[in-house]
Amino acid sequence: MKRKLAAAIVIAGMMVSVAACGGNDGKDSGKDAGPDSWKGQTLTVWTMDGSAPPQWTKDVQAAFEKKTGAKLKFEIQKWDGIQQKITTALSESNPPDVLEVGNTQTPAYAATGGLAELGDLKQQIGTDWTPSVSQSSVYDGKQYAAPWYFANRVVIYNKKIWAKAGIKGTPKTRDEFFKDLDTIGKKTDAEPLYLPGQNWYFFDGLTIGQGADLVKKDGDKYVSNLGDPKVATAMEIYKKYAAYSKAPKDKDEATPQQAQVFAKGKTGAFIGMGWEAGTAVQANKAIEKDLGYFTIPGATADKPEGVFLGGSNLAVAQGSKKQSLAKEFLKIALSDQYEGELAKLNGVIPNKQPLETNLKGNAVAEAAAPAAAVGGTTPLIPGWAAVENTPNPIKSYMTAVLNGKSPADAAKQVEGEINKRLAQQN
């Protein structure tokens, strides 16, 4: 789960040019004309390691083969090097028909011409997709993929420490959360919150919560929007959270692994992905009984904090000669029955809010789901990939603010570098 979600939020890097292979099903001279021609064909689907549970693939395969008369072949891919592998595959004459692609990768693949348009499929099965999870499958106003599954950060807390502080229940607003962290600091010897200075995906969620974006359009190009007052407000909120932590201001959540710090039992809470709870238990089995989860609270009780949504979309290769058959697969795989089954088996957020009932009993997923509707992603532009390259200037900005610079001054320090990187693919 860890590698899956980490890779799902990485934008594709340098992309080689992929030639568009024509229009729709008609381009294949009847090779994929419809049900009468499907029998005997084989549809190839690439899914990533850990994404599709064996029971789900078995059930979807049986339903697909019964409905179409065609064979379905799942090919499991490793995350390591997948961007270049997909880029190469999409440029070839016989690509896989359907591919799982990270949600923030989708615009980069679409921009090269490698993905087929799926506007007709959206009208047939996607009119009630949750807008926040569907937005990453749209590029330049057109539907190039379909939302499949998602995950986001929650508050993972130590119930034993919270009980020792006399706290009953969990906070429903940001101010209530701050009050609880104050109480832990005053009534226990625990660190109230572990939050390193460069947990920038949490910061991205805060900017989403403020209705801000990290880039803006300047004529025909994108430039940094880090100087926006709304972004500054998000950073000030982050700074207030960080004041409850002793974590390094110049490190991210993986240096050291925040879940392993939490596992020592001396931290009230941290903000992380669901799989990080498993990392904590692996480091210290005794802490498992003390784990609790809640949605990151927003300014008011009726709206959770904004979160970064990591996840995957399903796309059809533009070069596939079986596009109508591929769409039949998507209709089955993304149906309420099988989308709901995936959510239940993997504990991931489905593409429709009503299907979140399948998460009942999964404490982490239940905590994550409420924020999905108000979540978002990093900028959905092909050029964003370069911004995240090491050293990430967003991280430098965050550390500068935590060390005393104003958000405006810290933004000025890094915006030149951000604009330079954005210009590489503008």
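The structure displayed is predicted, hence computed values, not measured ones.
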Inset, instruction - For R153 and I271, indicate whether the former's side chain and the latter's backbone hold a donor-acceptor pair under 3.5 Å. - result: no
Inset, instruction - Would you confirm whether K321, through its side chain, and S93, through its main-chain N or O, come within 3.5 Å as a donor-acceptor pair? - result: yes
Inset, instruction - Consider only side-chain N and O atoms of T399 and Q198, and report whether a donor and an acceptor are under 3.5 Å apart. - result: yes
Legend entry - Distance-only donor-acceptor check, side chains E92 and T88, under 3.5 Å: no
Legend entry - Student check: side-chain heavy atoms of Y194 and K264 closer than 4.5 Å: no
Legend entry - Interatomic spacing from OH in Y149 to OG in S312 - rounded to 0.5 Å: 3.5 Å
Inset, instruction - Compare every heavy atom of T295 with every heavy atom of P304, then report the nearest pair and how far apart it is. - result: CB-CG2, 3.7 Å
Legend entry - Side-chain donor-acceptor pair present, N313, T106, cut-off under 3.5 Å: yes
Legend entry - Flag for D175-T173: side-chain donor and acceptor within less than 3.5 Å: no
Legend entry - Least distance between heavy atoms, G311 atom then F150 atom: CA-CD2, 3.9 Å
Legend entry - Student check: side-chain heavy atoms of I394 and L226 closer than 4.5 Å: yes
Legend entry - Exam field: side chain N351 to backbone P147, donor-acceptor pair closer than 3.5 Å: yes
Legend entry - Under 3.5 Å donor-acceptor, K172 side chain and T170 backbone: yes
Legend entry - Distance in Å, L195 CG paired with K249 NZ, rounded so as to fall on 0.5 Å steps: 11.0 Å
Inset, instruction - Could you tell me whether the side chain of E253 reaches within less than 4.5 Å of the side chain of F202, counting heavy atoms only? - result: no
Inset, instruction - Could you tell me whether the side chain of V231 reaches within less than 4.5 Å of the side chain of P407, counting heavy atoms only? - result: no
Inset, instruction - With rounding to the nearest 0.5 Å, note down the distance linking CD in E100 to CG in D49. - result: 10.0 Å
Inset, instruction - Nearest 0.5 Å please: distance from the CD atom of Q41 over to the CG atom of L43. - result: 8.5 Å
Legend entry - K217, NZ atom: more than 12 neighbouring heavy atoms under 6.0 Å: yes
Inset, instruction - Answer whether the closest heavy-atom distance between the side chains of I76 and T47 falls below 4.5 Å. - result: yes
Legend entry - D120 and K327 ion-paired at < 4.0 Å: yes
Inset, instruction - Taking all heavy atoms of V387 and all of N392, pick out the closest pair and write down the distance. - result: O-OD1, 3.7 Å
Legend entry - Backbone N/O of N389 and side chain of R421: donor-acceptor pair under 3.5 Å: yes
Legend entry - Value rounded to 0.5 Å, distance of CH2 in W56 from OG in S51: 9.5 Å
Legend entry - Y397/K405 under side-chain contact (heavy atoms from CB on, under 4.5 Å): CA gap, chis, key distance, verdict: CA-CA 9 Å; Y397 160 83; K405 281 194 176 293; over 6 Å; no
Legend entry - Least distance between heavy atoms, L380 atom then Q135 atom: CD1-O, 3.7 Å
Legend entry - Considering all heavy atoms, the nearest T57-P54 contact: OG1-O, 2.8 Å
Legend entry - Salt bridge K240-E236, side-chain N to carboxylate O under 4.0 Å: no
Inset, instruction - Keeping the roles fixed (side chain from S134, backbone from P131), state whether a donor-acceptor pair exists under 3.5 Å. - result: no
Legend entry - Atom pair CG (N346) and CG (L359), whose distance is rounded to the nearest 0.5 Å: 11.0 Å
Inset, instruction - Show your reasoning for whether side-chain contact (heavy atoms from CB on, under 4.5 Å) applies to I418 and V215. - result: CA-CA 9 Å; I418 293 174; V215 298; 5.6 Å; no
Legend entry - Beyond-backbone contact of L342 with P53, side-chain heavy atoms, under 4.5 angstrom: yes
Legend entry - Neighbour count above 12 (heavy atom, 6.0 Å) for K303 NZ: no
Legend entry - Check: Q318 main-chain N/O paired with Q323 side-chain donor or acceptor under 3.5 Å: yes
Inset, instruction - Flag the pair W46 / I86 as yes when at least one side-chain heavy-atom distance between them is below 4.5 Å, and no otherwise. - result: yes
Inset, instruction - Spell out, as yes or no, whether a donor-acceptor pair under 3.5 Å connects the side chain of Y238 to the backbone of N199. - result: yes
Legend entry - Pairs meeting criterion salt bridge (charged side-chain N to carboxylate O under 4.0 Å, His left out) with involvement of residues 51-76, two or more places apart: K67-E328, K73-E75
Legend entry - CA sep, side-chain torsions, deciding dist, call: K352, W129, side-chain contact (heavy atoms from CB on, under 4.5 Å): CA-CA 5 Å; K352 298 179 182 180; W129 287 336; 4.0 Å; yes
Legend entry - Candidates Y157, Y244, F294 - the one meeting ring-ring contact (aromatic ring centres under 6.0 Å, His included) with F177: F294
Inset, instruction - Determine, using ring centers only, whether F308 and F203 are less than 6.0 Å apart. - result: no
Inset, instruction - Start with the C-alpha gap between E388 and W200, add the side-chain angles, then the distance that decides, and say whether side-chain contact (heavy atoms from CB on, under 4.5 Å) holds. - result: CA-CA 10 Å; E388 292 193 37; W200 90 274; 3.5 Å; yes
Legend entry - K412/E415 salt bridge by N-O under 4.0 Å criterion: no
Inset, instruction - Indicate whether any N or O donor in one side chain lies under 3.5 Å from an N or O acceptor in the other, for Q77 and K85. - result: yes
Legend entry - Option passing side chain to side chain contact (heavy atoms under 4.5 Å, CB included) with P350 (candidates T357, L355, N358, V133): L355
Legend entry - Heavy atoms of other groups near K239 NZ, more than 12 under 6.0 Å: yes
Inset, instruction - Flag yes if more than 12 heavy atoms outside K344 fall under 6.0 Å of its NZ atom; otherwise flag no. - result: no
Inset, instruction - Indicate yes or no for a side-chain donor-acceptor contact from T207 to the backbone of D204 under 3.5 Å, with no hydrogens or angles considered. - result: yes
Inset, instruction - Answer yes or no: is there a donor N or O on one side and an acceptor on the other, between the side chain of T233 and the main chain of P229, under 3.5 Å? - result: yes
Legend entry - Side-chain heavy atoms of T104 within contact of S136, under 4.5 Å: no
Inset, instruction - For the residue pair F64 and F329, categorise the inter-ring angle as parallel (less than 30°), tilted (30 to 60°) or perpendicular (more than 60°). - result: perpendicular
Legend entry - Residue pair P196 / Q258: nearest heavy atoms and the distance that separates them: CD-OE1, 4.0 Å
